[in-house]
Every structure is written in C-alpha cells, then in structure tokens.
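Structure first, then comments.
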Amino acid sequence: TRSTRPQRLLAAVQKNATRGDPRSVVKAIDEFCRYTEWAMNVGDEKGCILDSVVSEVNPATVLELGTYCGYSTVRIATLLPPDAKLITLEFNPDFAVIARQVIAWAGQEEKVHLVEGSSGDLIPKMKEQFGVKSFDLVFLDHWKDRYLPDAKLMEAGSVLLADNVICPGSPDYLDYVRNSPKYRSQYFKSHLEYTKVEDGLEKSVFLG
Ligand SMILES: Cc1cc(-c2n[nH]c(CCNC(=O)c3cc(-c4ccc(F)cc4)cc(O)c3O)n2)ccn1
Ligand SMILES: [Mg+2]
C-alpha cells in the first residue's frame with residue numbers, strides 16, 4: 001500500500017541527512033517539504049524565530065505540544081544544554097513512530113522524551129508522571145482549538161510560544177493572551193511553512 005507523508009519525509013532524512021548531525025536533518029526536511037512534498041513542520045522561516053526565542057529563554061525544561069515528525073523537536077533540542085529536558089506530546093501514533101526515528105537520526109534522543117496521548121489528558125498528569133510542575137518554555141503546535149484550554153491548564157509556565165496563530169489560526173487563544181493581564185504578548189509575523197501565506201508565532205510571557 002502507498003506510503004504515508006511522514007514515512008516519505010523520514011526516507012528523505014535517512015537518504016539526505018548525516019546521522020548525528022541535527023542541522024543536516026533540519027535542512028533535509030526543509031528541502032523535502034519545499035521542493036517535493038509540503039508537510040506541516042514549523043519550517044525554516046518560523047524555525048529561525050523559534051530558535052531565537054529558545055536561545056533567549058535558555059530553558060532547562062521545555063514542553064512541546066504536537067511533535068508531528070519531530071522537526072521542531074530537533075531544532076529546540078539542538079539548542080538545549082545536555083542536562084536540559086524536552087518533553088514532547090504527540091496524539092497520532094503513526095506520527096510518533098516517525099518522530100522517534102527523526103529525533104534518533106539527529107542524535108537528540110538523550111534530551112527528548114516523546115509521550116503519546118492527547119494534551120488534555122497528559123498535561124494534568126505532568127506533575128506526578130514527570131516531576132515537572134512548570135516548564136520554562138511551552139511550544140504550542142498542536143490542535144489549534146486546544147491552545148486556549150491547554151494554556152489555562154498550564155498557568156504556571158513562564159513563556160508560551162504558539163505556532164499558526166494566523167493560519168490555520170487560533171483566534172480565541174490570541175484574544176486571551178493579548179488581553180489578559182497575566183500575559184505580555186508579542187507577535188512575530190512570518191509565513192505558513194514553505195508558502196507565501198501569512199502566519200506567525202505569538203510569544204506570551206506569563207506574569208504570574
Ligand atoms: C498531545 C497532542 C498533540 C496533538 C497534535 N499532534 N500533532 C498535531 C498536529 C497539529 N498541527 C497542525 O494541525 C498544523 C496544521 C497546519 C496546516 C494544515 C493545513 C493547511 F492548509 C494549513 C496549515 C500547519 C501547522 O503548522 C500545524 O501545526 N496535533 C493534538 C492533541 N494533543
Ligand atoms: Mg504548526
């Protein structure tokens with residue numbers, strides 16, 4: 001039967017990237033998605049914004065919601081010190097299977113803990129399951145209608161960075177973080193990965 005898009009993306013990584021070289025993995029995925037087959041990775045343009053926010057926050061603990069094929073997982077992990085922890089949640093088991101192999105090809109498995117399940121179920125269990133009561137940085141890149149309810153579940157974290165706030169969009173989340181006295185929000189205008197369509201990242205610092 002026909003392969004899936006994540007399987008074809010992984011094949012491109014294994015063919016074109018050097019094992020243990022995370023930058024070559026990122027480059028191979030971006031080239032595949034730009035020139036062969038679009039996929040919903042944060043991409044190179046928004047990826048540079050992601051990199052700058054991660055470097056600025058310099059987090060010891062990161063939570064990523066929505067692993068997909070592990071592209072942003074690899075980008076974030078590469079910027080973390082060896083003792084830092086990145087927990088990434090993926091709902092779709094077929095995506096998780098591919099993401100684990102992409103993360104391994106990039107040599108980042110030490111810093112990354114991929115957990116399968118839905119954010120609504122897993123976030124409340126974070127404390128007891130992983131002993132992490134709050135995260136220094138949360139990257140929201142999962143179902144867009146879960147951004148707001150999940151942000152409310154996590155009102156102890158310090159920096160939220162949300163992908164796709166314009167396309168596909170998360171209007172209720174955007175309205176909340178931009179108008180709530182609990183957050184200072186900033187919009188980084190960009191484009192939907194590998195396209196000319198407007199999209200952007202919203203960085204929201206929790207004021208406690
Ligand atoms: C733990 C947990 C995890 C999840 C979860 N895991 N993986 C995801 C994927 C979510 N991502 C997207 O849907 C997405 C879509 C587009 C897009 C698509 C089609 C278009 F035409 C235009 C844009 C672009 C993007 O950048 C996206 O990130 N959710 C869900 C629940 N709980
Ligand atoms: Mg996204």
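Start at 1 and go down the list; that is how both ligands and their atoms are numbered.
With atom 4 (C) of ligand 1 as the reference point, the heavy atom nearest to it among His142, Lys144, Glu116 is part of His142. Taking only non-hydrogen atoms, the option from Glu64, Glu90, Lys46 nearest to atom 6 (N) of ligand 1 is Glu90. Considering only non-hydrogen atoms, atom 19 (C) of ligand 1 lies nearest to Trp38 out of Tyr68, Trp143, Trp38, Phe95.
For atom 21 (F) of ligand 1, the nearest protein heavy atom lies 4.0 Å or farther away.
Of all atoms in ligand 1, listed by their number and element, those nearer than 4.0 Å to a heavy atom of Asp163 are 26 (O). Within the listing of ligand 1, atoms 1 (C), 3 (C) sit less than 4.0 angstrom from a heavy atom of Leu89. Against a heavy-atom cut-off of under 4.0 Å, Glu193 is close to the following atoms of ligand 1: 24 (C), 25 (C), 26 (O).
With a 6.0 Å cutoff to the six-membered ring centre and a 45° limit on the axis angle, Arg146 does not count as a cation-pi contact of Tyr173.
Protein heavy atom in closest approach to atom 27 (C) of ligand 1: Asn164 OD1, 3.3 Å. In this structure, atom 32 (N) of ligand 1 lies nearest to the protein heavy atom Ser119 N, 3.0 Å. With respect to atom 3 (C) of ligand 1, the closest heavy atom belonging to the protein is Phe91 N, 3.5 Å. Distance from atom 15 (C) of ligand 1 to its nearest protein heavy atom, with residue and atom name: Met40 SD, 3.6 Å. Of the protein's non-hydrogen atoms, the one nearest atom 28 (O) of ligand 1 is Asp141 OD1, 2.8 Å.
The side chain of Leu192, and not its backbone, has at least one atom closer than 4.0 Å to an atom of ligand 1 (non-hydrogen atoms only; side chain from C-beta on).
A 4.5 Å side-chain heavy-atom check between Lys111 and Leu80 finds at least one atom pair inside the cut-off.
Not a single heavy atom of Asn92 lies less than 4.0 angstrom from ligand 1. Heavy atoms of Gly117 come nearer than 4.0 angstrom to ligand 1 in at least one pair. Ligand 1 lies out of reach of Leu65, whose nearest heavy atom is not under 4.0 Å from it.
Looking at Asp141 and the Mg ion (ligand 2) together, the shortest N, O or S contact belongs to OD1.
A salt bridge (charged side-chain N to carboxylate O under 4.0 Å, His left out) with Arg75 is found for one member of Asp44, Asp51, Asp163 and no other, namely Asp51.
Salt bridge annotation for Glu193-Arg34: absent, with no cationic side-chain nitrogen under 4.0 angstrom from a carboxylate oxygen.
Ring centroids of His142 and Tyr147 are separated by less than 6.0 Å, placing the two rings close together. Two rings, from His113 and Phe130, have their centers less than 6.0 Å apart.
What you find for Ala12 and Ala28 is that their closest heavy atoms are O-CB, 4.3 Å. Looking at every heavy atom in both residues, Asp136 comes nearest to Ala60 through OD2-N, 2.8 Å.
A distance of 5.5 Å separates CD in Glu198 from CD1 in Ile166, rounded to the nearest 0.5 Å. Atoms CZ and NZ, from Arg8 and Lys15 in turn, are 15.0 Å apart once rounded to the nearest 0.5 Å. The CG atom of Leu140 sits 8.0 Å away from the CG atom of Leu63 when rounded to the nearest 0.5 Å.
Angle OD2(Asp163) to the Mg ion (ligand 2) to OD1(Asn164): 80° [nearest 10 degrees].
Residue contact annotation: Ser72 places no N/O/S atom under 2.8 Å from the Mg ion (ligand 2). Among the atoms of Glu193, none of the N, O or S atoms falls under 2.8 Å from the Mg ion (ligand 2).
Using modelled atom types and a 3.5 Å distance limit, the side chains of Tyr183 and Glu202 yield no donor-acceptor pair.
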